[in-house]
**Student:** 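Got a structure for you, questions after.
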Amino acid sequence: MNIDSLRSEVRQWLADHWDLAADRAEWLAAVVDRGYAVPRWSREDFGLGLDEESAEAVEAEFRRAGAPGSGQDRTNLWANTVLAYGSADLRQRFLRPLLLGEIRMCLLYSEPGAGSDLAGLRTTAVPDGDSYRVDGQKVWTSNAAEADYGMLIARTDPEVPKHRGISFFFLPMDQPGVTVRPLRQMTGEAHFNEVFLTDARVPAANMLGEPGQGWRVLQTALAYERVVLAESNRGASTRHAKKDGGEVDLIELARRHGRLDDPVVRQDIARVLTLRAANRWNNQRAQAELEQGTSSSLASLGKLLMSRLLHETGRVQTAIVGAEAMLEGADHPDGDDANFAAMNAYFTSIGGGTDQIQRNIIGERILRLPKEPDRFRDVPFREIPKSG
Amino acid sequence: MNIDSLRSEVRQWLADHWDLAADRAEWLAAVVDRGYAVPRWSREDFGLGLDEESAEAVEAEFRRAGAPGSGQDRTNLWANTVLAYGSADLRQRFLRPLLLGEIRMCLLYSEPGAGSDLAGLRTTAVPDGDSYRVDGQKVWTSNAAEADYGMLIARTDPEVPKHRGISFFFLPMDQPGVTVRPLRQMTGEAHFNEVFLTDARVPAANMLGEPGQGWRVLQTALAYERVVLAESNRGASTRHAKKDGGEVDLIELARRHGRLDDPVVRQDIARVLTLRAANRWNNQRAQAELEQGTSSSLASLGKLLMSRLLHETGRVQTAIVGAEAMLEGADHPDGDDANFAAMNAYFTSIGGGTDQIQRNIIGERILRLPKEPDRFRDVPFREIPKSG
Amino acid sequence: MTFDFTDEQRALRQAVRELLDDHSAEPAVRAAAASATGVDQDLWKLLAEQLGLAGLVVPEGCGGAGAGPVELAIVLEEMGKKLFCGPYLSSSVLAATLLTELSCAEFLPDLASGQRTATVVFAQQSIAAGEGLSGEQRFVLDGATADLLLVVAGGPRVFAVDPAAGGVSIQPMSTVDGTRRLAAITLDDVPARPVGDPGSTAAAVDWTLRTGEVALAAEQAGGARAALDMAVAYARARFQFGRAIGSFQAIKHLCADLLVEVESAYSTAYAAAWALAERSPEATALAAMAQAFCSDAFVRVAADNIQIHGGIGFTWEHPAHLYLRRARSSAQLLGDAATHRERYLSAIVDQG
Amino acid sequence: MTFDFTDEQRALRQAVRELLDDHSAEPAVRAAAASATGVDQDLWKLLAEQLGLAGLVVPEGCGGAGAGPVELAIVLEEMGKKLFCGPYLSSSVLAATLLTELSCAEFLPDLASGQRTATVVFAQQSIAAGEGLSGEQRFVLDGATADLLLVVAGGPRVFAVDPAAGGVSIQPMSTVDGTRRLAAITLDDVPARPVGDPGSTAAAVDWTLRTGEVALAAEQAGGARAALDMAVAYARARFQFGRAIGSFQAIKHLCADLLVEVESAYSTAYAAAWALAERSPEATALAAMAQAFCSDAFVRVAADNIQIHGGIGFTWEHPAHLYLRRARSSAQLLGDAATHRERYLSAIVDQG
C-alpha cells in the first residue's frame, strides 16, 4: 500500500472511530486491535509491520486528529523493553496490558550508593526456588506508590565485574517486601520516592534477558526513556507552569518590577533569551538530523545546555525581582518563582545524569576523547571500593 | 649577641661600607666576606649561623639602607640548591661565585613532551667515562644564551618508575653540544629559549645528589624558586609596566574612553578591583601565616586567583577600549595594552604549572581530596605511554 | 591590615564556636526554621547570658562589652557557619549600633542583656517624620519578634516605636529561608518618641548600615566556608566508580575554585571590618565591596555544594539546601550584589 | 527554519572547503598576515575566477550568482575555519550588498568578477554629505587595498570615491590580527559621486549592516569550530602522565562545554541567515543576537584552545594565537557583543 492510501485509510478510520468523549480504555483497545498502536511492530505483536515512513504517516494522522494511542512502538518505554528482551511468556502476559495502559509501572534503577555510577548498584537478587529474593534500596522512583510493577535492576552475581553481574526484572510492587516512602525535594515538592526492598520476591519468570544480561537490557530501556523525554521535553514540575511553553517571560517580569531600563539586567535577559533560542535551534537541528538518519551529536548537548539555561534563568529572575527573592508562597508569586527556578534547576543538572557525567559522555562519544582509565573494569564487584 | 646590638652592628657596618656608587662586584665580595650575604648559613659556608629572627634583622638593615646582597640564604636559588645537595667539591667550586653573581645560571627543566608532567622528561644522560652524555631538548629557558651553567634534570635510568630515574646536574652551557634558539611567545616577545642538547657533556662531578635522586633535588630547587617568585611577584614582561605596581588603572582608562558612565563597564571594573584587593589581602594573610610559622594554604591559591584576575583584567580592558582593541603598536597604547593583557594572561595560567595542575595541587594538598589513581606509579619509565 | 587576631579575639571565636557546636546543630536549626518565630529562645538566652554576645558592641557603660567591628565579624562568621537562628543581626548589630551611634543610653542595657530585642526599620523613603508616624515598610528583619522598633523615617530621624502600640500592624512575610525572618510593618498615625540628636542621625544611620554590611559579609563568609567544608567532606567520603568522587577532576577542581572564593570572601569581610574598626575613610567602599563579594561567593558555594552532592543534595532531608536558602536570602537582605558593587565603584571614583 | 541545506548549498560548501584546504593552509595564512596588504592575491583570483565567489550575492544580471544570505553564511563559515585572508567581507559582502540594495549596476560587474574590490566606509557620524566630502573615518575594513570606497555619509547618502583621487588620504592601521586589515581614511573636500536613490539609502545601509553581521557571525562560528577541532585533536594526541590529556576531566569537560558554544554559535548564525533570506521581521533581532553570541563564543573557544595546548599554545610558532587574534578582532569589527545584545533586546522589546 502506498503512503497516500495508507494516510487516507487511517484518516477514514479515525473519522469513523475517534471521539473526544470516548472512554479511554475502550479507545486504546480499538487502536491496539487495529494495529495503529505499534505500527512498526510485526502483526504477531499487535503491529502492522510498517516501515518508518509509513508508520510516521500513521502517527501524523493521529496527531492531526488529536487522538492518542499511536506510536507506542517509539514512546512506550515499558512495552518496548518487554518486546526487546521479554520471553514469549512475558510478552504474552505484559505487552497488550502495557499498550492499553492497564499496568502501571515504575523504575527501580538508582540507589543511594549508585547514582552517577549506576552499575555500582548494591541491591541483590538471590535465586530462591522459582523466584528471586530481593534486598536493597532504590531511590528517585516516580509513581512508586501507584505502580503495579517496577522495572528493577539488581545484582545477581557479585563475583564478576560490575556490569556483568546485573539482572533485569519486572518486580511486583504490591507485596510486603516493598515499602514506598515519599522523598521530599529541596524545593519542598515530593515527586519521587524511596523504595525499600526487604525480602521482596520476584518470580524468576519475570526476568528480562538472561541472568547477568541486565545492563544490556537497561541500555535499551534507557534509550527508549530518552525518546520519551525528548517527546515530552518537560520539567518534573507542573506547579510553576509558565506561559510560552513553560518559559518565564523575563521582559515582562523586568517591566513589572521596573527593571527593564537597567542596562545590566538587559544584558542578562538578552543572554538568557539567546541561550533559549540556541537550545531550541540545536534541538531542531538534532531532530532534522535524526529524521535524515544521521546520528545526531546535538541531541546529547541539549541536556547540558538546558541545565545551563535553567540555572541562568533562575539567576536572572532573582536579579530582576530583587528583595522579593527572599520570599516564597502564593502572595509573592515572582519571588516564589525565582526561588523555585533557582533551586529546581538542579533537577536538570543532577537528575538523569549530572552535568559532569553528561560532559564525560559528550567528550567521549561525540568528541572521541579517550575514557579515563578504569582500574576496576575487570575486577569482581565484591572487591571494588565503596563509600564507607 | 642580642638582636639590638646585632642591629647596631650591621647598621654601623653599612654606614661604614655601603656606598650607592660602589662597584657591585666589590660590594658583594665585602658582604659575602662579612657573612651578611647568607646570615643563616654556617660560618664554614660564608654565613654567621644566625637564627631566623637575627637573620631577618640583618636583612632589614640592608633593606633600610637600600643595600643589596643580603638574605641570599632565602633568595639565591642556585646557591641554596648547591648547599643542600652539592658535594664538598661542588660547594667549593660554586658557592662563592654564585653568591658574588659571577656565574650566570639558567634552568633546564621543561621539555616539549614534559610540561605538566615534568617527571615524564625524556632528555637522557648516559654515563661515559668521567662524564655524562646528554641528549634531548629543553624549553622555556630564560637567559639560556647568557648562562654559564644550566641546572639540568635528565633521565639516567629509564628502567625504573619515572620519578626514580632522574638525576640533577650543573651543565656547562658553553659547549658545542648545546644550541640555544630564542622562543617567540604569542605576544610577539621572546623572553625564553629552546635548548637543544646533542651529545652535550657534563662532568659526573657536576651531579647534585646521587644518581636517581634528581627529583628530590628538583623539589628543593623549586621551593626556593617559589620564594624568589613570591619576593619579586612580577610578571614576565616589563614592556607593559603600569603605574600603581604594574596594575592598569581601569577607572582612568574608562574615563579616557568615555565609558565610565556605562553601568555594565562599572560592574566589570568593580569586579576586577575586588579581585585585586582580595588577592592582595590573601597574600598578606599568607605572609602573616608564614611569619607565624603556620603553614599557609593561602599561598597556593595566589597563582590561581592571579590567573583569573589577569584574564579578567584583559577582558575588561578590551571591553573598555572597544574598537581600539583591534589595534596594536605604540600609536594605540590602550588597544595594545588590552591585547597584551589578554594574551599575556596565559603566561600565568599556563606557565609555572597550568591552572589545571594548580587546581589539582589545591584540591589534594589543601583540601586533602584523594589523588587520581596513577596506573604508572610503579611502571618503568620506558613502558609508560607517550605522545605519538 | 595584618589579619592578625588578638588572644581575646581568638578566645571569643572559640567560645562562640563551642556554644554553637553544642546548640546550633542541624536539628536545632531545622526546629527553629520550622517554628513560628524562627528564634531559638534557649540558644538566645545562652548567648546573651553565658557569653554576653547580645551586648558585644554596646558600650561598657550601658552594660555591653564595648567591642568593635572585628569582634562582630568573628561572631557573625561563626554564626554563619552554623546557620544561627535568632535576632542577632537585627538587634545586637543594627539596633545596638544605631543606638550607640546616637548616644542613646535608654534602651541599650536591655538589648545588651538580651532581655529585649529591637530591630531597625529603614523607612526613609516610605515613612515621613512627624508627630504621628504613618506608612508601610516591607522586609523588616525580625520585625515580628522585636520588642522595639527603631524607625528611621525621612529626614532622617529615628523614632522608638512600641510594636504593641495602637496603629502598628505587623505582618510576618513568608521567607524562603526559615532561619531569617522578615515582616511587613504598617504604621497608622502611631505616636513615636524621637531618639537621638537630629544632627548626628544621618551619620549614625549610615554607620549602622556599613556595620550591618560588614557583619552580614562575615556571616556570609562563614556560611560559604561551612558549605565548602560540607562539599569537601562529601567528596572524600562518597565513592562512585570505585573512587572517592573528590579524586575526579570535575569535583576536585570545582572545590579548588570554591576555596578561592571562600578565602577571598573571608579576606574582603575582615578587611572591611578592620577598616570600620579604624574608622578609615575607605570603610564605606570596603563595606560595599565585601557585601557584594560575599553575597556572590556564598550563593555560588552553597549552590555548587548541591551539585557536588548530586541527588542527595537535592533532597529536603539533606542540609545543603538550608545553606542555599540562607545564601540567597542574605544576598538580598541589604541590597543585591550589583547594587553594592556600584556603590563601591562610586565611592572610589569619588575619592579619585 | 529547518537548518536543512539544498544539494547546491552542500556542493558550494564542498567546493569552498576544497579550495581553502589547498590554498589557505597555515603557511599561506601566515604569509598573507605578514605581507604588506594582508591579501593572498592568488587565492583571491582562484576564488573569484574558479568558484565565482566574489559575485556570490551580486544579481545574475550584473555577473553574479544571485545567491542569498544562507550561501553567504556557508562561504564565510568555511573561510572562518581557515582564516581566509582577503577582502571578501568588505567587497563581496558589504560593498556588493550595498550596491545591490541600491540597485546600482555600475560597479557590480567588476566586483562580481573580482577584478576590483570595494569597501564601505560607514561614516554617518563623521562625514557630512555634500558636494565635496570631508572628514575622517577610522577602522575601515580593507580600506588600504580597496579599489573603490563607498562612503556612507550623514543623511545617509552613499558616495563613490576613488581612493586615488586628490584629497583622499589612507593610512593603514596596525591590527592585532594580521589577517584582517583596517585603515584610517581622511577625505579633504573630495569630489564624490552620489550612488543610488536617496529614498532607499537608509534601508539599503541597514540591510547591508545586517548582512555583514550575519556573515561575520558565520565566519566566527567557523573559526570557533576550527579552534575546537584543534583543541580536541591536541587533547587526543598529547600524552602527559601516561595518558592523553583529553582523558582528564579538566580537559574533557572543557571541550564538552566548548562544543555547546560551537554548536550554538552555528545555530544562531544560520538561524539569522535564514531569517535574512526570508526577509523576516525578526531578521534584525536575530542578526544582532547572532553577532553577540558568535563574538563571545569564538573568543572563548579560541582562548580556551590556548589553555588546552599549554606551553606550545603560548608560542608564536603555533597557530592557536592566530585564531585568538582573529576572534578578538572580529568581536569588535562591527561593534562589541554587549552592544549587539542591547540592540537585540531593544528590537524584541520594541516588537513587544
Side-chain angles (χ1 to χ4, degrees), chain A residues 250-252 254-255 260-261 263-289 291-292 296-309 355-374, chain D residues 1-5 228-229 231-233 235-236 239 241-249 251-272 274 282 285-286 288-290 292-293 296-297 337-349 351-352:
Chain A
L250 293 172
I251 293 174
E252 184 47 38
R255 202 190 310 265
L260 193 52
D261 290 333
V264 178
V265 167
R266 290 171 72 89
Q267 290 283 318
D268 276 345
I269 295 176
R271 275 204 188 83
V272 169
L273 298 185
T274 302
L275 283 184
R276 263 188 207 164
N279 190 39
R280 206 162 50 235
W281 290 323
N282 287 348
N283 287 340
Q284 279 179 31
R285 288 170 54 205
Q287 197 57 41
E289 287 177 10
E291 280 164 14
Q292 287 162 32
S296 171
S297 60
L298 282 159
S300 311
L301 299 179
K303 181 159 181 299
L304 194 57
L305 183 51
M306 178 57 84
S307 161
R308 179 171 149 199
L309 171 58
D355 282 358
Q356 285 71 32
I357 292 291
Q358 203 62 25
R359 291 190 184 99
N360 272 348
I361 292 173
I362 292 168
E364 290 161 17
R365 299 205 194 144
I366 305 183
L367 297 175
R368 306 268 163 219
L369 293 168
K371 284 181 181 252
E372 278 199 273
D374 178 4
Chain D
M1 237 158 311
T2 61
F3 294 99
D4 200 3
F5 295 110
L228 176 60
D229 287 349
V232 169
R236 284 196 206 112
F239 275 57
F241 307 100
R243 297 161 51 179
I245 61 169
S247 72
F248 288 99
Q249 289 183 333
I251 303 298
K252 182 181 292 175
H253 289 194
L254 181 53
C255 288
D257 284 334
L258 297 182
L259 182 62
V260 173
E261 293 293 311
V262 166
E263 293 292 357
S264 302
Y266 177 100
S267 289
T268 59
Y270 279 94
W274 258 290
E282 285 188 299
L286 295 190
M289 175 206 268
F293 190 87
D296 285 347
T339 304
H340 289 295
R341 257 193 304 275
E342 174 55 42
R343 285 185 45 233
Y344 160 66
L345 198 76
S346 298
I348 59 170
V349 168
Q351 281 168 20

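Each chain gets a letter, A, B and so on, in the order its sequence line appears, and its residues count up from 1. We use all heavy atoms of the structure for the numbers below, so side chains are in, but hydrogens, waters and symmetry mates are not.
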**Student:** Measuring heavy-atom distances to chain D, does I361(A) have an atom under 4.5 Å in its side chain, in its backbone, in both, or in neither?
**Tutor:** neither
**Student:** Check the pair E263(D), L305(A) against side-chain contact (heavy atoms from CB on, under 4.5 Å), reporting the backbone distance first and the verdict last.
**Tutor:** CA-CA 11 Å; E263(D) 293 292 357; L305(A) 183 51; over 6 Å; no
**Student:** Contact part of L304(A) toward chain D, heavy-atom cut-off under 4.5 Å: side chain, backbone, both or neither?
**Tutor:**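 Only the side chain of L304(A) comes within 4.5 Å of chain D.
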**Student:** So which heavy atom on S264(D) is nearest to which on N282(A), and how close?
**Tutor:**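 Closest approach of S264(D) to N282(A): OG-ND2, 3.1 Å.
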**Student:** How long is the gap from CZ on R236(D) to CG on L367(A), to the nearest 0.5 Å?
**Tutor:** 7.5 Å
**Student:** Just verifying a value: how many Å separate L259(D) CG and I362(A) CD1, rounded to the nearest 0.5 Å?
**Tutor:**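 The CD1 atom of I362(A) is 6.5 Å from CG of L259(D), to the nearest 0.5 Å.
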**Student:** Taking the side chain as every heavy atom from C-beta outward, state whether L345(D) and I251(A) have any atom pair closer than 4.5 Å.
**Tutor:** yes
**Student:** Among A292(D), A290(D), A244(D), S247(D), who wins on heavy-atom pairs under 4.5 Å with chain A?
**Tutor:** S247(D)
**Student:** Answer yes or no: is there an ion pair linking E372(A) with K252(D), defined by an N-O contact shorter than 4.0 Å?
**Tutor:**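 Answer for the salt bridge query: no.
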**Student:** Side chain, backbone, both or neither: which part of R243(D) has a non-hydrogen atom closer than 4.5 Å to chain A?
**Tutor:** side chain
**Student:** Measure across A278(A) and T268(D) and return the closest heavy-atom pair with its distance rounded to 0.1 Å.
**Tutor:**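 Taking every non-hydrogen atom into account, CB-CG2, 4.3 Å.
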**Student:** Mind ranking S346(D), A338(D), A288(D), C255(D) by heavy-atom pairs under 4.5 Å with chain A and telling me who comes out on top?
**Tutor:**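 Of the candidates given, the most pairs with chain A belong to A338(D).
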**Student:** What's the shortest heavy-atom distance between R271(A) and R341(D), and which atoms?
**Tutor:** NH2-NH2, 3.0 Å
**Student:** Do side-chain atoms of R285(A) reach the backbone of F3(D) as a donor and acceptor pair under 3.5 angstrom?
**Tutor:**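 No.
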**Student:** Assess the residue pair S267(D) and R280(A) against the criterion (side chain to side chain donor-acceptor pair (under 3.5 Å)); give the C-alpha distance rounded to whole Å, side-chain angles, the decisive distance to 0.1 Å, and a yes or no.
**Tutor:** CA-CA 9 Å; S267(D) 289; R280(A) 206 162 50 235; over 6 Å; no
**Student:** Please state whether the side chain, the backbone, both or neither of Q358(A) comes within less than 4.5 Å of a heavy atom of chain D.
**Tutor:**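 Contact with chain D involves no heavy atom of Q358(A) at all.
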**Student:** Looking at every non-hydrogen atom in both residues, tell me the closest pair between L369(A) and V232(D) and how far apart they are.
**Tutor:** CD2-O, 3.9 Å
